[in-house]
Number of protein chains: 2
Amino acid sequence: MKTYSISEVAKELNVTAYTLRYYDKEGLMPFVERTASGQRLFKESDIAALNIIECLKSTGMPIKEIKTFIDWCTAGDITLQQRFDMFMERKSVVEKQMKELEETMKLIEHKCYYYKTALEAGTEDIHKNDKIEIPVTT
Amino acid sequence: MKTYSISEVAKELNVTAYTLRYYDKEGLMPFVERTASGQRLFKESDIAALNIIECLKSTGMPIKEIKTFIDWCTAGDITLQQRFDMFMERKSVVEKQMKELEETMKLIEHKCYYYKTALEAGTEDIHKNDKIEIPVTT
DNA sequence: GTAATCTTTAGAGTCAACTCTAAGTCAAGT
DNA sequence: ACTTGACTTAGAGTTGACTCTAAAGATTAC
């Protein structure tokens, strides 16, 4: 079975080897095996697991919570419910992030328009009488 | 013209007064006026500007870059092009974030399904023969 | 007018997530 | 055998963004 060194994996996942060692130190990689001399040997399945870790991280989940998930994985079928619940919660977190990102996008696009027209006019003054936007909650 | 105290603004924007003072210290709020005794007086337009700051922050822009933008605003029409370019770049950053968030969502949803079926079976073993997913670039 | 509750500042402390250093070990090429 | 470069560890250092403290001054409520 093909294995990979830490720097190969780092390159593949676009992180540094330092970061991977840090994750290991924090308990996110209890599954990675070692050679007799102590060097890490990453399997394909380890890289897949790291992809899940990256995915959780990208939802804003802190390392410590990801560790809890890894611990659940190690514990086996007894923690299936916790893991299911966790991913369902992540799903709603990501849904919220998507909505927020859309609001952000609206404002950014409005500003693009604002500056495009200001540039055409040569001055921002053309927007002097724009009404101040009060965020609408409903 | 109605004005607001730092704690009123903090409440409104869902941040702490500490945070607002920190932003001020970092140069994000040169426009906020003061009473004779030195207390900050926030106008509606200041709150609008803080909303833009929050918007930029939510795209992952660091405080120092936001300060650059605020400095451009202070400099006037001469920096219209820079500000337009900045928002156009933010737009493409947010587009990228949206795409990434969709990829994240796909993986999360897949995991929800994975654990839902595992729960129904009472064991994760039913997925033993799932092929390892190799991220597809195209 | 005085107590309670703001506000101000400079500067220190915290926290997460890296990021690096030092000193040593291991592996691959010539 | 020896050099070069990758790997190991513990632990220190960095960064960004707050978060708080202390001591002082200002404002509000009665």
Side-chain angles (χ1 to χ4, degrees), chain A residues 2-43 46-47 50-70 93 97 100 104, chain B residues 2-43 46-47 50-71 90 93 97 100 104:
Chain A
K2 181 142 176 42
T3 59
Y4 304 85
S5 74
I6 194 162
S7 56
E8 285 171 324
V9 176
K11 202 170 196 176
E12 173 95 11
L13 298 179
N14 263 307
V15 294
T16 66
Y18 294 141
T19 302
L20 291 178
R21 288 193 200 99
Y22 165 70
Y23 288 175
D24 199 5
K25 215 185 276 189
E26 294 299 308
L28 303 192
M29 286 151 58
F31 41 74
V32 174
E33 295 186 28
R34 304 285 188 122
T35 64
S37 65
Q39 294 191 212
R40 292 174 185 82
L41 282 183
F42 292 81
K43 305 180 288 297
D46 297 343
I47 295 174
L50 281 166
N51 271 316
I52 303 293
I53 288 170
E54 280 301 300
C55 170
L56 290 173
K57 215 161 60 68
S58 78
T59 72
M61 186 181 259
I63 302 290
K64 277 182 186 174
E65 270 177 60
I66 300 177
K67 177 177 166 23
T68 301
F69 166 67
I70 297 292
V93 165
Q97 288 174 345
E100 281 167 6
T104 297
Chain B
K2 181 142 177 41
T3 59
Y4 305 84
S5 74
I6 195 161
S7 57
E8 285 171 323
V9 176
K11 202 171 195 175
E12 173 95 11
L13 299 178
N14 263 309
V15 295
T16 66
Y18 294 140
T19 302
L20 291 178
R21 289 194 199 98
Y22 165 69
Y23 288 175
D24 199 4
K25 214 185 280 188
E26 295 299 307
L28 302 193
M29 287 150 58
F31 41 75
V32 174
E33 296 185 27
R34 304 285 187 125
T35 64
S37 64
Q39 294 192 212
R40 293 174 184 83
L41 280 182
F42 293 80
K43 304 180 288 298
D46 297 343
I47 295 174
L50 281 166
N51 271 316
I52 303 293
I53 288 170
E54 280 301 300
C55 170
L56 291 173
K57 216 161 59 68
S58 78
T59 71
M61 184 180 261
I63 302 291
K64 277 182 187 173
E65 270 177 59
I66 300 178
K67 178 180 166 20
T68 302
F69 166 67
I70 297 293
D71 291 345
R90 275 304 107 186
V93 165
Q97 288 173 345
E100 282 167 4
T104 297

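Everything quoted here is computed from the prediction, not taken from an experiment. Quick note on labels: first sequence line is chain A, next is B, and so on, each numbered from 1.
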Distances under 3.5 Å only, N/O to N/O: pair up the protein atoms with those of nucleotides 23-26 of chain C.
from: dC26(C); atom 1: O3'; to: Ser37(A); atom 2: OG; distance (Å): 3.3

Checklist outcome for this item: Out of dC20(C), dT8(D), dT8(C), minimum distance to the side chain of Ile6(A) belongs to dT8(D)

Checklist entry - Please walk me through it: do Asp24(B) and Arg40(B) pass salt bridge (Lys or Arg N to Asp or Glu O under 4.0 Å)? => result CA-CA 10 Å; Asp24(B) 199 4; Arg40(B) 293 174 184 83; 2.7 Å; yes

Item to check | Closest to the Tyr22(B) side chain, choosing from dT21(D), dT9(D), dC18(D) | outcome: dC18(D)

Next on the checklist: Would you say that more than 12 heavy atoms from the other residues, nucleotides or ligands in this model lie under 6.0 Å from the CD of Glu26(B), or not?
Outcome noted: yes

Checklist entry - Starting at CD of Glu8(A) and ending at C1' of dA28(C), how long is that distance when rounded to a whole Å? => result 14 Å

Next on the checklist: Please identify which of these residues, Ile66(B), Asn51(B), Leu28(B), Ile63(B), meets the side chain to side chain contact (heavy atoms under 4.5 Å, CB included) condition with Leu56(B).
Outcome noted: Ile66(B)

Checklist entry - Sub-3.5 Å donor-acceptor pair from the side chain of Glu65(B) to the main-chain atoms of Pro62(B), do we have one? => result no

Next on the checklist: Distance check needed: dA17(D) C1' versus Tyr23(B) OH, whole Å only.
Outcome noted: 8 Å

Item to check | side chain to side chain donor-acceptor pair (under 3.5 Å) involving Lys11(B) - partner list, sequence neighbours excluded | outcome: none

Next on the checklist: Check the phosphate of dC18(D) against Thr16(B), side-chain N and O only, distance under 4.0 Å to OP1 or OP2. Yes or no?
Outcome noted: no

Next on the checklist: Using whole Å, what does the distance between atom P of nucleotide dT9(C) and atom CG of Leu20(B) come to?
Outcome noted: 12 Å

Next on the checklist: Give me the atom names and distance for the closest heavy-atom approach of Pro30(A) to Gly27(A).
Outcome noted: CD-O, 3.6 Å

Item to check | Euclidean distance, atom NZ of residue Lys25(B) to atom C1' of dG13(C) [Å, nearest integer] | outcome: 12 Å

Checklist entry - Whole-Å distance between dA10(C) P and Asp24(B) CG? => result 10 Å

Checklist entry - Under a 4.5 Å cut-off applied to non-hydrogen side-chain atoms, are Tyr23(B) and Lys57(B) in contact? => result yes

Item to check | Distance-minimising heavy-atom pair for Leu41(A) and Asp46(A) | outcome: O-OD2, 3.7 Å

Item to check | Side-chain N,O (Tyr18(A)) to OP1/OP2 (dA17(C)) below 4.0 Å | outcome: no

Next on the checklist: Looking at Gln97(A) and Thr59(A), would you say the former's side chain and the latter's main chain have a donor-acceptor pair under 3.5 Å?
Outcome noted: yes

Checklist entry - Do the side-chain N or O atoms of Thr19(A) get closer than 4.0 angstrom to the phosphate oxygens (OP1, OP2) of dA17(C)? => result no

Item to check | Distance test, side-chain N/O of Arg21(B) to OP1/OP2 of dT21(D), below 4.0 Å | outcome: no

Checklist outcome for this item: Between NZ of Lys64(A) and P of dT14(C) the distance, given in whole Å, is 14 Å

Checklist entry - Think Arg40(A) has a side-chain N or O under 4.0 angstrom from the OP1 or OP2 of dT8(D)? => result yes

Next on the checklist: From CD of Glu26(B) over to P of dG11(C), roughly how many Å is that when rounded to an integer?
Outcome noted: 14 Å

Checklist entry - Lys11(A) NZ to dA6(D) C1': how many Å, rounded? => result 13 Å

Checklist entry - Do any of residues 55-63 of chain B sit with a heavy atom less than 4.0 Å from DNA chain D, and if so which? => result Lys57(B), Pro62(B), Ile63(B)

Item to check | Contact under 4.0 Å: Arg34(B) side-chain N or O vs dG25(D) OP1/OP2 | outcome: no

Checklist entry - Any side-chain heavy atom of Leu50(B) sitting closer than 4.5 Å to one from Leu20(B)? => result yes

